[in-house]
Amino acid sequence: MERYYQKDIECASREQIRAWQDERLVKQVRNVWDNVPYYRKKMEEKGLTPEDIKGVDDLHKLPFVTKADLREAYPYGLVARPLKDCVRIQSTSGTTGKRVVAFYTQHDIDLWEDCCARAIVAAGGTDEDVCQVSYGYGLFTGGPGLNGGSHKVGCLTIPTSSGNTERQIMFIRDLNATILCCTPSYAAYLGETMKEMGLTPDEIPLKAGIFGAEAWSQEMRRDIQNTLGIKAYDIYGLTELSGPGVAFECSAQNGMHINEDHFIAEIIDPETGEVLPEGSKGELVFTSITKEAFPLLRYRTRDICVLHHEDCPCGRTHIKMSKPMGRSDDMLIIKGVNVFPSQIETVLLEQGYSANYQIIVDRVNNSDTLEVQVEMTPEMFSDQLSQVAQREKQMVAALKAMLGIYAKVRLVAPKSITRSEGKAVRVIDKRKI
Ligand code: DLL
């Protein structure tokens, strides 16, 4: 039976959702105009006043906000409430430039945790569940967000944070954890380790996983589901908008419902900024209409995906986003060809390899090179050298078919690629160094 955390909202009519969005957008625009000089200036530069925004139909008139704006306004320039009303910050794990720092009032935290609670319930969670939160805690939003959501649902919450794999497995088994929240790459690693320990899926008490914070393919979902004996659900979010729970998957496991009572989503052409019709692939842009401390209007996520409205068997009416297919800024341009790491992952998993791989891009004699290192399974590792060479050849052909360019393939020993406890580092682009 389908359960909801906030049925009236999650299954509201489209007219009702639109009415909420119209009203909240107008209020939010007035709020940033009155309280954030940085926004007022951006609006003035476009010749806009709050009166020009009467509802969602006028959204396209507003200027975009980008990561560059966040850097320029760092740290307090986009805060819309007095600091005495703010109770928390969270920050991105970004390694380049200044980190993004997002601010929350208690109201913001409550709404964020509601969104995470919706995700847990959509994955089948109830107050009878034991939910192990193995996302990092601290500045990263994964741990705190799902921890709060798990409390709201009433699950017995195990705040393990990431790392210490042995202890993770001990708690899963000893406390009979039924829901696991972590990055998909860490879930795959936990699964791999439990398999090596001789545990079969029946001996693992988990029934569901809520995995996000990085791209993962359908093939990776299949592998994780099989090794852990669970249903694996996707969850999406970003620090700038609160954290996990901006969108989440339901029992249909086919796209993530965006929490449209809090966020308005648009898809734009990343080159021109033009809004694209529903069903088009493009860059996801969000407007947060309920955030108090750190409201963002038309924030460009850089994530490339597709939005679609359709009747969902789960009964939820909120629009769905596809799994992000890549980021407009993660997209590699190799010899002039656009390559998304997710395409490479799909090929590897289709060919029976694990998701332990690394993509190395370099420039030799003014020409780009692409190398994919992928771990062999233990069975392949015992093969003869000629068989390994044969496998490499097959993979080169499969990658060529998918990408249209030559990629050198190097099959490496099992366990030789460093495992990640948080977001995996898949791409090493030496051209930038
Ligand atoms: O990763 C928030 C989060 C935590 C989401 C836990 C889900 C679970 P940031 O560190 O700010 O926040 O990174 C945000 O991560 O723009 C996407 O590129 C990527 N991302 C997040 N969720 C997914 C997902 C958190 N389900 C950036 N699939 C986003 C693909 C994702 N990419």
Side-chain angles (χ1 to χ4, degrees), residues 65-67 70 89-102 104 112-113 115-116 118-120 122-123 131 133-150 161-162 179-187 209-218 220-221 224 232-249 253-259 263 265 270 283-286 288 294 296 299-306 320-331 340-342 345-346 355 420-427:
V65 174
T66 63
K67 216 162 209 161
L70 267 52
I89 70 141
Q90 301 285 163
S91 177
T92 55
S93 46
T95 45
T96 51
K98 281 234 170 4
R99 281 169 168 255
V100 169
V101 176
Y104 303 74
W112 173 29
E113 292 179 350
C115 289
C116 290
R118 289 180 195 172
I120 294 172
C131 178
V133 183
S134 312
Y135 284 110
Y137 281 62
L139 288 170
F140 179 55
T141 53
L146 281 142
N147 189 88
S150 173
S161 192
S162 57
I179 300 180
L180 173 67
C181 305
C182 62
T183 57
S185 43
Y186 196 45
I210 302 178
F211 306 135
E214 63 183 0
W216 54 308
S217 58
Q218 294 297 357
M220 190 163 170
R221 185 204 307 258
I224 295 173
Y233 298 90
D234 205 350
I235 182 166
Y236 171 88
L238 50 162
T239 314
E240 295 88 319
L241 294 173
S242 58
V246 171
F248 61 87
E249 242 176 11
Q253 289 183 299
N254 173 28
M256 295 177 269
H257 290 284
I258 294 173
N259 283 310
F263 306 102
E283 181 180 336
L284 190 54
V285 171
F286 279 112
S288 53
F294 200 67
L296 294 182
Y299 182 65
R300 291 186 61 160
T301 63
R302 298 281 166 200
D303 292 318
I304 303 292
C305 74
V306 177
K320 281 185 180 178
M321 60 181 271
S322 65
K323 264 182 183 302
M325 298 155 192
R327 291 175 56 81
S328 57
D329 55 358
D330 262 15
M331 187 181 73
F340 285 103
S342 58
E345 181 176 307
T346 299
S420 157
E421 293 166 350
K423 301 195 193 214
V425 181
R426 307 276 197 213
V427 181

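Below, each value reflects all heavy atoms present in this structure, side chains not excepted, and no hydrogens, waters or symmetry copies. Just so you know, ligand 1 is whichever comes first in the structure, and atom 1 is the first atom listed for that ligand.
- At least one heavy atom of Glu214 sits closer than 4.0 Å to an atom of ligand 1.
- Ligand 1 has a nitrogen or oxygen under 3.5 angstrom from a nitrogen or oxygen of Asp303.
- For Thr92 (side chain) and Val100 (main-chain N/O), a donor-acceptor pair under 3.5 Å exists by modelled atom type.
- In this structure, CZ on Phe140 lies 11.0 Å from OG on Ser91, to the nearest 0.5 angstrom.
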Under 3.5 Å, sequence neighbours excluded: what are the donor-acceptor pairs made by side chains of residues 142-150?
| residue | atom | partner | partner atom | Å |
| --- | --- | --- | --- | --- |
| Asn147 | OD1 | Tyr137 | OH | 2.8 |
| Ser150 | OG | Thr157 | OG1 | 2.7 |

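- Checked against a 3.5 angstrom limit, the closest N/O atoms of Gly243 and ligand 1 fall outside it.
- Using a 4.5 Å heavy-atom threshold, the side chains of Arg118 and Phe248 count as touching.
- With a 4.0 Å cut-off on non-hydrogen atoms, Ala213 touches ligand 1 through its backbone as well as its side chain.
- Taking CG of Leu241 as the start and OG1 of Thr141 as the end, the distance is 10.5 Å to the nearest 0.5 Å.
- Distances from atom 15 (O) of ligand 1 to the heavy atoms of Lys423, Glu249, Gln90 show the closest one on Lys423.
- Of all the heavy atoms of Thr239, the ones lying under 4.0 Å from any atom of ligand 1 are found in both the backbone and the side chain.
- Applying the side chain to side chain contact (heavy atoms under 4.5 Å, CB included) rule to Ala424 yields the partners Ser185, Glu214, Ser420, Arg426; only residues at least two apart in sequence or on another chain are considered.
- Taking a 4.0 Å cut-off on heavy atoms, Arg302 fails to register as neighbouring ligand 1.
- Here the closest heavy-atom approach between residue Ile235 and residue Pro244 is recorded as CD1-CB, 4.1 Å.
- Compare Pro244, Ser91, Cys182, Ala119 by their heavy atoms: the one nearest to atom 3 (C) of ligand 1 is in Pro244.
- Close approach of ligand 1 to Thr92 (heavy-atom distance below 4.0 Å) involves ligand atoms 11 (O).
- Among the atoms of Trp216, none of the N or O lies under 3.5 angstrom from an N or O of ligand 1.
- The structure places OH of Tyr236 at 13.0 Å from NZ of Lys323, a figure rounded to the nearest 0.5 Å.
- Under 4.0 angstrom from ligand 1, the non-hydrogen atoms of Asp234 all belong to its side chain.
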